[in-house]
Amino acid sequence: MPELPEVEVSRMGITPHVLNQVVTKVNIHNGSMRWPVPDDVYQLTGLTVTGVERRAKYLLLHCALGSTILHLGMSGNLRVVSANEPLKKHDHIEFIFANGKALRLNDPRRFGCCLWQAPGSVHKLLAKLGPEPLTDEFFAKQVYQQSRNKKVPVKQFIMNNAIVVGVGNIYANESLFKAGIDPRREAGKVSLKSFEALIPIIKDTLAAAITQGGTTLKDFAQSDGKPGYFAQQLLVYGRKGQPCLVCKSELQEVRLGQRSTVFCGKCQK
DNA sequence: CGGTCTACCTGAAAGC
DNA sequence: TGCTTTCAGGTAGACC
């Protein structure tokens, strides 16, 4: 499940192969993604990719006539392969470049998307996003102020894209454990001090995963052309019923907002 | 408006 | 063994 670090590592991985390259062909093998893939995407044909950007978990391929927006959803990945390589099952969208390479979006569950953004405009999906977690725009005092009087559990609060982007279920679980905060606690009742602990932990956790992914990336176009998921050292996620690595008590699981939430009842208050 | 719930989708895992 | 059911999860949009 690509979280922000995987998307960032994908960005780093594809950039050397697509930046300043001319797109010779766009193939939409299955345009039935989360939203129908618009024909606008064909406008890339014949144009040069002038930038590869990440915003939240979206990737943008910029060119003179607009930007292609890609999202990997739950199960998506990008590969750079030789254009004559046979398609794999679930290779839905393909950009072929003058250098003989193909960028392919593979997504079994099709929760991802491929959309188009006109130049000078911001797509509706990107317009209401909160700050990037790794920038100074995301800081404890602001989060604290936004959380006042909010009854939603703090875990759901930090997973809200309007507060901060790119914190998915795994990182929310892990960060709250490291910060010693009970994920069920009302956001409005979390102290400034707790947010001052949590926010740097979120940043460090994401940054460490990106570093780790970048380190193991080597060359995106070699081997199978996609980054492996980084074997994260997960402290709580997926460890329901197992002992807390700090205090040995049994980790509990509850569902918050239909999402699996694992925590230590003793370490997290 | 705030909060909650649902839909979208396939494959792996669990249940029978 | 093989069929059926459940679960996983990002996020917009419907709903109350």
Side-chain angles (χ1 to χ4, degrees), chain A residues 1-11 28-38 54-60 69-78 87-93 104-117 122-133 143 145-176 183-190 202 206 209 226 229-230 232 234 236-242 251 253-263:
Chain A
M1 54 217 76
E3 294 233 26
L4 184 143
E6 283 86 354
V7 178
E8 176 61 14
V9 172
S10 290
R11 186 195 63 78
I28 301 174
H29 302 293
N30 184 349
S32 173
M33 301 288 288
R34 178 154 192 203
W35 295 281
V37 179
R54 180 188 59 75
R55 175 74 174 105
K57 294 177 185 171
Y58 296 93
L59 285 175
L60 293 92
I69 299 173
L70 300 173
H71 193 290
L72 303 179
M74 265 289 303
S75 56
N77 68 74
L78 288 169
L87 290 176
K88 290 194 176 184
K89 191 177 183 183
H90 307 303
D91 276 345
H92 302 313
I93 298 158
R104 291 176 181 168
L105 172 63
N106 184 288
D107 185 3
R109 289 180 207 176
R110 289 188 278 123
F111 270 30
C113 63
C114 175
L115 298 167
W116 182 258
Q117 176 176 277
V122 177
H123 194 282
K124 192 172 94 176
L125 294 184
L126 306 183
K128 291 180 183 171
L129 295 175
E132 286 288 328
V143 176
Q145 286 167 353
Q146 289 171 312
S147 69
R148 292 309 87 186
N149 301 319
K150 293 285 161 42
K151 290 182 178 171
V152 69
V154 62
K155 177 173 175 250
Q156 285 166 266
F157 183 73
I158 62 166
M159 290 177 70
N160 180 345
N161 268 342
I163 303 303
V164 60
V165 300
V167 180
N169 196 38
I170 295 175
Y171 287 101
N173 277 299
E174 296 295 309
S175 299
L176 287 165
R184 301 167 298 181
R185 180 125 60 99
E186 281 184 28
K189 292 188 176 168
V190 174
I202 292 173
L206 292 172
K226 71 175 179 185
Y229 287 132
F230 337 130
Q232 283 285 142
L234 298 177
V236 289
Y237 182 80
R239 297 194 64 246
K240 169 197 177 187
Q242 296 179 44
L251 295 177
E253 181 176 57
V254 293
R255 295 192 80 76
L256 294 178
Q258 329 295 89
R259 292 292 172 264
S260 165
T261 304
V262 188
F263 65 102

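Labels below follow one simple rule: chain letters A, B, ... track the order of the sequence lines, proteins then strands, and each chain is numbered from 1.
Between His92(A) and Leu105(A) the shortest side-chain heavy-atom distance does not fall below 4.5 Å.
Gln146(A) places its CD atom 17 Å from the C1' atom of dG3(B), with the value rounded to the nearest Å. Between the CZ atom of Arg259(A) and the C1' atom of dC7(C) there is a distance of 11 Å, rounded to whole Å. Rounding to whole angstrom units, CD1 of residue Ile163(A) and P of dG10(C) are separated by 17 Å. Per the geometry, CG belonging to Asn106(A) stands 17 Å off P belonging to dC9(B), to the nearest Å. In this entry the distance linking CG of Asn77(A) with P of dC9(B) reads 19 Å, nearest Å. Rounded to whole Å, the distance from CG on Leu129(A) to C1' on dT11(C) is 10 Å. Rounded to an integer number of Å, the gap from Lys155(A) NZ to dT4(B) C1' is 15 Å. Rounding to whole angstrom units, CG of residue Leu59(A) and P of dG10(C) are separated by 16 Å.
Counting heavy-atom neighbours within 6.0 Å of Lys150(A) NZ, excluding the residue itself, gives a total above 12.
In this structure, the nucleotide among dT6(B), dG10(C), dG3(B) sitting nearest to the side chain of Lys57(A) is dG10(C). The side chain of Phe111(A) lies closest to dC9(B), out of dA12(C), dA7(B), dC9(B). Nearest to the side-chain atoms of Lys150(A) among the listed nucleotides dA12(C), dG3(B), dG10(C) stands dG3(B). Residue Lys124(A) has its side chain nearest to dG13(C) when only dA8(C), dC8(B), dG13(C) are considered.
For the 3.5 Å distance criterion, the side chains of Ser260(A) and Arg255(A) fail to qualify, holding no donor opposite an acceptor. Between the side chains of Lys155(A) and Asn169(A), at least one donor N or O lies within less than 3.5 Å of an accepting N or O.
End-to-end axis angle for the helix from dG2(B)-dC16(C) to dC16(B)-dG2(C), using five pairs per end and rounding to 10°, comes out at 60°.
A donor-acceptor contact shorter than 3.5 Å links the side chain of Asp91(A) to the backbone of Lys88(A). At distances below 3.5 Å, at least one donor-acceptor pair connects side-chain atoms of Glu3(A) with backbone N or O atoms of Gly168(A). Side-chain atoms of Arg110(A) come within 3.5 Å of backbone atoms of Ser32(A) as a donor-acceptor pair (strictly under, hydrogens ignored).
Under the side-chain contact (heavy atoms from CB on, under 4.5 Å) rule, Leu125(A) has a single partner from Asn161(A), Ile69(A), Leu115(A), which is Leu115(A). Checking Glu253(A), Lys240(A), Arg184(A) one by one against Phe263(A), the side-chain contact (heavy atoms from CB on, under 4.5 Å) holds for a single residue, Arg184(A).
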Please write out the pairs of protein N or O atoms and N or O atoms of nucleotides 11-13 of chain B separated by less than 3.5 Å, giving the distance to one decimal.
residue : atom : partner  : partner atom : Å
dG11(B) : OP1  : His90(A) : NE2          : 2.7

Under 3.5 Å, which protein N or O atoms sit close to an N or O of nucleotides 14-16 of chain C? Give each pair with its distance.
none

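Nearest heavy atoms, Asp107(A) versus Gly76(A): OD1-N, 3.4 Å.
Arg110(A) comes within 4.0 angstrom of the backbone, heavy atoms only, and of no base. Across all strands shown, Phe157(A) has no heavy atoms under 4.0 Å from either base or sugar-phosphate atoms. Across all strands, Asp107(A) comes closer than 4.0 Å to no nucleic acid atom at all (heavy-atom distances).
Ranked by how close their nearest DNA chain B nucleotide is to the 5' end, Asn149(A) and Gln258(A) are led by Asn149(A).
Under 4.0 Å is where a charged nitrogen must lie from a carboxylate oxygen, and between Glu8(A) and Arg54(A) at least one such pair does. Looking at Glu6(A) and Lys57(A), no side-chain N of the basic residue comes within less than 4.0 Å of a carboxylate O on the acidic one, giving no salt bridge.
Close to dT4(B), at under 4.0 Å from its OP1 or OP2, lies no side-chain N or O of Arg255(A). The phosphate of dA12(C) has OP1 or OP2 within less than 4.0 Å of a side-chain N or O from Tyr58(A).
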